[in-house]
Amino acid sequence: MTQLENLKDGILDGQRRALAKAITLIESSRADHQADAQELLALLLPHTGKSIRLGFTGTPGVGKSTFIEAFGLQLTALGHRVAVLAIDPSSTRTGGSILGDKTRMELLSKDQNAFIRPTPSGGTLGGVARRTREAMLLCEAAGYDVVLIETVGVGQSEIAVADMVDMFLLMLSPGGGDDLQGIKRGIMELADLVIINKADGDFKKAASRAAGDYKSALHLMRPKHACWTADVLLASALKMRGLTEIWEKIQAFEKAMKDSGQLEDMRAQQAKAWMWSEIHDQLADAFKDSHLSKVKDMEQQVLAGKTPPTAAARSLLKDFLN
Ligand code: GDP
């Protein structure tokens, strides 16, 4: 049996080691590894798609890891298999990672029915997103029925995540109205469910008030899906409160999306968009690798303001395509 077939069987058998190894293959930039990774993905594709794909965001300190650990443990106790992946573009700059800290989600990482994978480091957001998307498919082939993709509430990574998941969850702190201005409206618009965390102790009242504020704010937004109205739920990750209601909401969302046929449509559109972003990325890579002699020259001209960027791009692409 070839190594790839071994890997495939290991993944289909649900072995975490095989899954981790395959994700490492996907993350490698070596051309032969990339070819193997694509072959493996093609073999596993028929076994993908059976999970509920969740995107999860919130600013640092809001309680994401506390929540994911508590929520993940609750789901594994119910018999689910939970995979946690992450996208953190800031880690490509700082070398750190939102899931890199070993002390995060210590209990969940020891759970046999959970799989936690830190952010792939290095590369552009597009590259990181691609690897996370492929890792998600591998997790599905390995039998994980809940895949959660975490991102920090900054920058473009939310959009990348929203484009690869079924449901997008936004976690907020009980700051209430003041906070509302701090959050980008665009991120609110992506949310299928808003969770106000830390609804405990001294924060309890503020959390209820905040929930009211956010509900009104959501009301004013255009619904993302015809079959679903985004809602706001309270939780305390620390006290493990509100988790059951959140899981029930997620299941209700999945049912509404499936029954209306929108889940299938959305996934198909996402796959198409993914193909196009691959075309963009692969073209750009091929262009960079082509070592066109004119590039440096043209760059200088653009820097000096002698040639407009669009004209420069046009001229270089014409040479590249010839
Ligand atoms: P992350 O940066 O979003 O992953 O946030 P963490 O999960 O690391 O939590 C940040 C801080 O908030 C920690 O000190 C947690 O103990 C605390 N925290 C998290 N969830 C809750 C909660 O539900 N209630 C309270 N009171 N504190 C919480």
(request) Would you indicate whether Lys224, at its atom NZ, is surrounded by more than 12 heavy atoms from other residues, nucleotides or ligands within a distance under 6.0 Å? (result) yes
(message) With rounding to the nearest 0.5 angstrom, report the CE to CG distance, Met298 to Leu303.
(response) 12.5 Å
(request) Determine yes or no for a side-chain-to-main-chain donor-acceptor pair under 3.5 angstrom, with Asn322 supplying the side chain and Lys318 the backbone. (result) yes
(request) Test Phe115 against every option in Val82, Val84, Ile23 by the side chain to side chain contact (heavy atoms under 4.5 Å, CB included) rule and name the one that passes. (result) Ile23
(request) Using a cut-off of 6.0 Å, state whether more than 12 heavy atoms not belonging to Asp202 lie near its atom CG. (result) no
(request) Report yes or no: does Glu158 contribute a side-chain atom to a donor-acceptor pair with the main-chain N or O of Leu190 at less than 3.5 Å? (result) no
(request) Only counting residues at least two apart or in another chain, list the ones meeting side-chain hydrogen bond (donor to acceptor under 3.5 Å, both in side chains) with Arg241. (result) none
(message) Could you measure the distance from the CD atom of Glu140 to the OG atom of Ser51? Nearest 0.5 Å is fine.
(response) 3.5 Å
(request) Might you confirm whether atom CD of Glu278 has over 12 heavy atoms from other residues, nucleotides or ligands at distances under 6.0 Å? (result) yes
(message) Within this structure, what is the CG-NE2 distance for the pair Asp265 and His225, rounded to the nearest 0.5 Å?
(response) 11.0 Å
(message) Distance alone, cut at 3.5 Å: any donor-acceptor contact between the side chains of Lys64 and Thr59?
(response) no
(request) Under the salt bridge (Lys or Arg N to Asp or Glu O under 4.0 Å) rule, collect the residues that match up with Asp145, sequence neighbours excluded. (result) none
(message) Using the side-chain hydrogen bond (donor to acceptor under 3.5 Å, both in side chains) definition, which of the options Gln262, Lys258, Arg267 pairs with Asp166?
(response) Arg267
(request) May I ask you to decide if Ser28's main-chain N or O and Gln34's side chain share a donor-acceptor pair within less than 3.5 Å? (result) yes
(message) Between Thr48 and Leu44 (side chain of the first, backbone of the second, donor and acceptor by atom type, cut-off under 3.5 Å), is there such a pair?
(response) no
(message) Under a 4.0 Å threshold between the charged nitrogen and the carboxylate oxygen, would Glu189 count as salt-bridged to Arg222?
(response) no
(request) Determine whether more than 12 heavy atoms belonging to other residues, nucleotides or ligands lie under 6.0 Å from atom NZ of Lys255. (result) no
(request) Please determine, by modelled atom types, if Arg117 and Thr24 share a side-chain donor-acceptor pair under 3.5 angstrom. (result) yes
(message) Could you check whether Arg81 makes a cation-pi contact with Tyr144, meaning its NZ or CZ is under 6.0 Å from the centre of the six-membered ring and within 45° of the ring axis?
(response) yes
(request) With rounding to the nearest 0.5 Å, note down the distance linking CG in Leu172 to CD1 in Ile195. (result) 9.0 Å
(request) Taking Ser157 for its side chain and Ile87 for its backbone only, find out whether a donor-acceptor pair lies under 3.5 Å. (result) no
(request) Give, for atom CG of Leu54 and atom CZ of Phe71, the distance between the pair rounded to the nearest 0.5 Å. (result) 7.0 Å
(request) State whether the side chain of Trp247 and the backbone N or O of Leu75 hold a donor-acceptor pair below 3.5 Å, judged by distance alone. (result) no
(request) Decide whether Thr76 and Asn113 meet the rule of one side-chain donor and one side-chain acceptor closer than 3.5 Å. (result) no
(message) Are Phe56 and Phe67, when compared by the centres of their aromatic rings, separated by less than 6.0 Å?
(response) yes
(request) Might you point out which heavy atoms bring Cys227 and Ser260 nearest each other, and give the distance in Å? (result) SG-OG, 3.7 Å
(request) Count the heavy atoms belonging to other residues, nucleotides or ligands that lie under 6.0 Å from CZ of Phe287, then report whether that count exceeds 12. (result) yes
(request) Spell out, as yes or no, whether a donor-acceptor pair under 3.5 Å connects the side chain of Gln270 to the backbone of Val165. (result) yes
(message) Test your reading of the model: is there a side-chain donor-acceptor pair from Thr132 to the backbone of Val128, 3.5 Å cut-off?
(response) yes
(message) For the CG atom of Leu41 and the CD atom of Glu39, what is their distance to the nearest 0.5 Å?
(response) 10.5 Å
